[in-house]
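Heads up: the structure comes next, in structure tokens.
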Amino acid sequence: MKVGVFIERDGVLNQALVERSHQVSPLSLGHFKINPAAPALVRKLKQAGFVVIATTNQPGLSRGYQSRRALDQMHALLMKEVPLDDILLCPHDETDHCPCRKPKPGLLTEARYKWQLDLDRSFVISNKWYDADAALAVGATSLLINSPWLGNAHHDLIVSDFAAAVKKLLQLHANPAATLA
Ligand SMILES: [Zn+2]
């Protein structure tokens with residue numbers, strides 16, 4: 001089985017937009033700015049043999065303020081610039097009570113079947129608490145990038161930025177017996 005790295009889209013792969021201290025998703029290609037560090041960091045993960053998958057909650061699709069066409073344009077650009085294997089998204093609102101809206105782990109379990117992944121050995125990189133919760137639910141290891149959105153939820157490691165997350169992940173993968181400290 002292969003090992004996956006799941007990366008939160010907003011704030012990690014593309015720059016976060018912040019409105020009134022909340023992080024919001026860009027709604028059009030013009031506002032979608034890829035993190036300049038992302039292509040090389042994802043390439044490093046690919047070279048190490050990981051399946052690299054972006055995950056994202058996009059409730060604007062269900063609520064009607066995110067157009068599917070604009071989202072497809074943003075994701076086509078993301079796949080072109082960053083060597084990801086896949087982008088998995090939850091289009092639902094919390095009132096839909098779906099199994100895929102993070103912190104629920106539905107996107108991770110979907111990827112397990114689609115990509116034949118060993119989730120126990122897989123990793124999640126995010127700047128938000130809900131990805132650490134999803135990781136915990138399936139036995140994956142979470143690396144959280146310091147941000148205002150970490151909350152007090154469970155996490156395995158907190159790192160300073162995306163590059164530090166990739167460095168630490170490669171160390172852990174090479175030596176799983178190492179402590180998480
Ligand atoms: Zn969903």
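No hydrogens, no waters, no symmetry mates; every other heavy atom, side chains included, goes into these values. One-based numbering, in listed order, for ligands and for the atoms of each.
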Atoms of protein origin (N, O or S) under 2.8 Å from the Zn ion (ligand 1)
C90 SG, H92 ND1, C98 SG, C100 SG
Straight-line distance of L45 CG to L170 CG, nearest 0.5 Å
6.0 Å
Report, as yes or no, whether the 6.0 Å neighbourhood of atom NE2 on H154 holds more than 12 heavy atoms from other residues, nucleotides or ligands.
yes
Hey, are R101 and D96 close enough for a salt bridge, meaning a charged N less than 4.0 Å from a carboxylate O?
no
Only residue of T56, L78, I34 satisfying side-chain contact (heavy atoms from CB on, under 4.5 Å) with L13 is L78
Going by atom types alone, do D10 and S25 pair a side-chain donor with an acceptor below 3.5 Å?
yes
Tell me, yes or no, whether the heavy-atom count around E94 atom CD, taken from other residues, nucleotides or ligands under 6.0 Å, exceeds 12.
yes
